[in-house]
Every structure is written in structure tokens, then in C-alpha cells.
Amino acid sequence: QVLLVESGGGMVQAGGSLRLSCAASGRTFSSYYMRWFRQPPGKEREFVAHISKSGDFTYYADSVKGRFTISRDNAKNTVYLQMNSLKPEDTAVYFCAADAILAAIATMNAEYWGQGTQVTVSS
């Protein structure tokens, strides 16, 4: 069992930055691919970013490429999402997810989910 707890959400003006954290407990963190998803108000959950188990490979949704950076610290059992140049359309609940085996990077299925953290970007 892996418990994921997100933090770092909040309210920010357009153009600002936030850094989300997702702390994992349970089994070996470095054994899991980690991803971030988000669910805008009234919309379906969508893929945001992926990082490999070692952290040497990352992949982003086109909507956040060049603005968001995913990273991980396996010694701290934590994955991060640095969000810069935020836009009102980035407003959403952000979730982290963990998978020991990943069939496809952007699949909506995940082995473990966090509870989410709210990000609100005002114009």
C-alpha cells in the first residue's frame, strides 16, 4: 500500500508560480513511476506530467510544456510539480499518482492516487 499526500496548492495571480509536493509513504518510492493529473472545475481529470522511477525521463501534456517541471527526490519519497507562468485555465484540483507498472504514460488508470490539492489562478 502507498499513501500519497499532496500539498502546496493555493491561490495565485496569473503569471505567478506554485510548487506542489506529493509525499509518499509505504513501499519503496523509487519503485514507482509518478504522475501528476488535474481536474478543472466541471471537467474530466487530465494528465499533466510524468516522471520515471529514477527521474531521468519526464513527459508533459502540451498544455503545460515549457511552464511546468516535474521532479522527484527518492531520498525524501517526494515528487514535485513546479508550476510557472500560471494561467487561469490551470485552475484545478491537482492529484499525484503512483504506478509500479505503467502501460501508457497518459492512461487515466493509476494504482494509487492522492487526495488532491486545489490550485486557483486568478486573472
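Quick note: numbers below take in every heavy atom, side chains included, and nothing from hydrogens, waters or symmetry partners.
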Heavy-atom distance under 4.5 Å between the side chains of [X] and [Y], does that happen here?
{"X": "Ser17", "Y": "Gln82", "value": "yes"}
{"X": "Ile105", "Y": "Tyr33", "value": "no"}
{"X": "Leu20", "Y": "Glu6", "value": "no"}
{"X": "Lys76", "Y": "Phe29", "value": "no"}

| field | salt bridge (charged side-chain N to carboxylate O under 4.0 Å, His left out) contacts touching residues 104-123 (sequence neighbours left out) | value |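 Counting only pairs at least two positions apart or across chains, no salt bridge (charged side-chain N to carboxylate O under 4.0 Å, His left out) contact touches residues 104-123.
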| query | When you measure from the side chain of Arg19 to the backbone N and O of Gly8, does any donor-acceptor pair fall under 3.5 Å? | reply |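 Checking the backbone N and O of Gly8 against the side chain of Arg19, no donor-acceptor pair under 3.5 Å is found.
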Look at atom [atom1] of [X] and say whether more than 12 heavy atoms of other residues, nucleotides or ligands are closer to it than 6.0 Å.
{"X": "Met108", "atom1": "CE", "value": "yes"}
{"X": "Lys65", "atom1": "NZ", "value": "yes"}
{"X": "Phe47", "atom1": "CZ", "value": "yes"}

| request: Go through the steps to decide whether Leu86 and Phe68 satisfy the test side-chain contact (heavy atoms from CB on, under 4.5 Å), and finish with yes or no. | output: CA-CA 9 Å; Leu86 282 161; Phe68 290 11; 3.8 Å; yes
Taking only distance into account, with no hydrogens and no angle test, what donor-acceptor pairs under 3.5 Å do side-chain atoms of residues 91-98 form with protein atoms, sequence neighbours excluded?
| from | atom 1 | to | atom 2 | distance (Å) |
| --- | --- | --- | --- | --- |
| Thr91 | OG1 | Pro88 | O | 2.9 |
| Thr91 | OG1 | Val121 | N | 2.9 |
| Thr91 | OG1 | Val121 | O | 3.4 |
| Tyr94 | OH | Arg38 | NH1 | 3.0 |
| Tyr94 | OH | Asp90 | O | 2.6 |

| If you draw the axis of the six-membered ring of Phe37, does the NZ or CZ of Arg45 fall within 45° of it and under 6.0 Å from the ring centre? | no
